[in-house]
Colleague: 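Provided herewith is a single structure, encoded as structure tokens, for subsequent inquiry.
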Amino acid sequence: MNLKEEVNKRRTFAIISHPDAGKTTITEQLLLYSGAIRQAGTVKGKKTGKFAKSDWMAIEQQRGISVTSSVMQVDYDGYQVNIVDTPGHEDFSEDTYRTLMAVDAAVMVIDSAKGIEPQTKRLFEVVSHRGIPIFTFMNKLDRDGREPMELISELEEVLGIDAYAMNWPMGMGKTYQGNYDLFNNRLELTHPEENEGNDYLPLNEEGQVEGEYTVKQSVWYEEAIDNAQLLREAGNAFDEDAIRQGKLTPVFFGSALTGFGVQTFLDAFVDFAPSPQAMKTAEGEQVDPLSPDLTGFIFKIQANMDPRHRDRIAFVRICSGEFEEGMDVKIARTDKKIKLNNTTRFMADSREHATAAVAGDIIGLYDTGNFQIGDSIYSGKAKVTFPELPQFTPEIFMKVSPKNVMKQKSFHKGIQQLVEEGAIQLYKTWHTDEYILGAVGQLQFEVFQYRLANEYNSEVTMQSLGSKIARWIRPDQLDPSMSSSRNLLCKDRFDQPVFLFENQFAENWFQQKYPEVQLDSLL
Ligand code: G4P
């Protein structure tokens with residue numbers, strides 16, 4: 001294998017969007033164009049009863065949401081495209097955020113009738129913080145939406161990023177005639193049959209269709225010419241460096257549902273999205289993706305992805321080198337040596353046995369309890385440790401206990417595994433060792449309860465403690481008498497003390513009473 005050639009072909013990205021903006025539909029289009037599926041509607045059809053290939057768990061199917069992040073690799077136009085799916089529901093932000101650490105680019109899908117929605121903004125902030133390229137797809141142009149100019153200004157103002165319109169819609173909804181493609185200097189038509197079957201019409205130097213081609217004259221076409229002129233004169237310049245640094249987002253218009261504009265978008269995406277770049281280690285050194293030694297980090301652990309096999313899989317983003325079946329690696333945290341001989345690659349239509357993978361790819365390692373989220377692995381002599389993945393402080397809490405006290409064992413096993421997956425956080429009350437779960441969103445508890453029952457045969461009782469402010473305290477500063485009715489003293493899963501305060505007032509009151517005590521929002 002030519003490592004350089006293979007790595008340069010990789011495009012690893014995630015789609016960020018608010019639920020319902022069209023992430024699944026656009027993913028499906030990519031699978032269609034790559035030949036991975038033959039028919040639209042196979043990825044997701046809530047109404048038809050078919051389910052997304054990326055939706056592995058029954059609960060996802062039941063609720064029609066994507067709970068876990070999944071990975072798909074497809075061949076598109078000679079590129080190996082890795083789509084790392086992110087849970088769209090806002091309750092799953094923790095898992096989503098970590099997934100965004102494993103990609104080299106992001107695609108932002110926006111519903112053109114709605115503009116920038118809250119979840120898009122939150123995810124954008126994480127991606128933008130990493131300085132990776134962001135490509136924007138303004139979706140659902142086959143329906144009436146907001147004015148394109150207004151959408152672009154909102155994007156720039158709300159997200160604080162410059163935008164470059166790669167194309168411009170001519171009309172929308174029923175009048176959607178096509179896109180005026182500024183970048184490729186052509187018109188792309190929604191109804192080629194009206195133009196002798198031509199999907200694309202070239203534009204002349206004045207930006208008009210001419211000669212043997214004719215286009216249906218319309219106010220939309222005229223407006224698009226004017227707007228294109230305006231954008232060329234007064235808009236941002238196309239700047240590849242700025243795109244690479246995530247300072248400028250190329251914007252495309254289209255309709256994922258009808259597939260219109262998607263191919264133009266994908267073609268530009270694979271051209272301008274970066275192949276895997278050097279990654280920084282915790283010590284600030286750069287790891288070259290073409291270095292022959294394998295390095296990578298675990299950004300997700302998922303138990304029981306396939307209900308027929310009781311398995312647990314650690315998702316590894318490969319940062320450098322080439323993975324080979326049976327190779328030895330070390331885990332940086334424990335120095336433990338592991339042979340990689342039971343690995344999975346994620347293809348669009350199946351999970352395949354992984355035989356070879358390179359920097360940029362994501363592989364699944366069968367885990368028997370060796371890995372933790374954030375672990376680095378390396379095959380070379382020198383230890384490589386990638387920076388820790390960001391953690392997010394839980395905001396809502398539940399007391400949890402087994403319904404059947406005779407089933408303590410499966411209860412403990414289930415909790416331990418789900419906590420190690422990072423799906424939920426576990427605390428125990430300081431004195432009585434009662435179990436308390438913490439999460440960023442309510443839905444995480446529901447999934448937890450469902451999975452405990454289905455995968456570990458353990459029914460639980462949950463009692464809501466509502467929202468709390470979690471603050472860690474240094475063990476040497478702790479005096480158990482600090483615990484009061486306004487705070488609950490707990491230990492986290494590493495037995496570190498943490499106070500759960502009723503509200504901001506309770507925290508302030510505590511801080512005034514014990515000014516010397518340092519409270520931290522993260523361990
Ligand atoms: P998500 O993964 O971002 O949550 O969104 P998804 O693709 O599931 O799309 C949400 C809804 O929006 C779906 O309709 C989908 O068909 C529709 N949609 C996506 N892209 C377009 C588009 O370009 N134009 C139009 N008009 N609709 C679009 P649904 O009725 O909620 O679901 P379904 O029953 O059709 O699956």
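Atoms within a ligand are numbered from 1 in the order they appear, just like the ligands themselves. Keep in mind that the numbers below use all heavy atoms, side chains included, and drop hydrogens, waters and symmetry copies. All values reported here derive from a predicted model rather than from experimental measurement.
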Colleague: Does some side-chain heavy atom of Y79 sit less than 4.5 Å from a side-chain heavy atom of N8?
Modeller: no
Colleague: Give the atoms of ligand 1, by number and element, whose distance to some non-hydrogen atom of K23 is under 4.0 Å.
Modeller: 1 (P), 2 (O), 3 (O), 5 (O), 7 (O)
Colleague: Taking atom 19 (C) of ligand 1 as the point of reference, which of I15, L257, T25, T258 owns the nearest heavy atom?
Modeller: T25
Colleague: Hey, is ligand 1 close enough to A256 that some N/O pair sits below 3.5 Å?
Modeller: yes
Colleague: Answer yes when R122 and E125 have at least one side-chain N-carboxylate O distance shorter than 4.0 Å, and no when they do not.
Modeller: no
Colleague: For the 3.5 Å polar cut-off, considering only N or O atoms, please tell me whether G22 and ligand 1 meet it.
Modeller: yes
Colleague: Quick one: does M166's side chain get under 4.5 Å of V251's, heavy atoms only?
Modeller: no
Colleague: Check each atom of ligand 1 against the heavy atoms of R143 and keep those under 4.0 Å away; list them by number with element.
Modeller: 26 (N), 27 (N)
Colleague: Side chains of M398 and Q449: closer than 4.5 Å at any heavy-atom pair?
Modeller: no
Colleague: Look at D104 together with R317 and state whether they make a salt bridge at an N to O cut-off of under 4.0 Å.
Modeller: yes
Colleague: Mind checking whether F183 and F252 have ring centres under 6.0 Å apart?
Modeller: no
Colleague: Where the closest heavy atom to atom 26 (N) of ligand 1 is concerned, which of D142, D111, T24, D20 has it?
Modeller: D142
Colleague: Would you mind finding which of Q29, Q119, K140 brings a heavy atom closest to atom 11 (C) of ligand 1?
Modeller: K140
Colleague: Side chain, backbone, both or neither: which part of P19 has a heavy atom under 4.0 Å from ligand 1?
Modeller: backbone
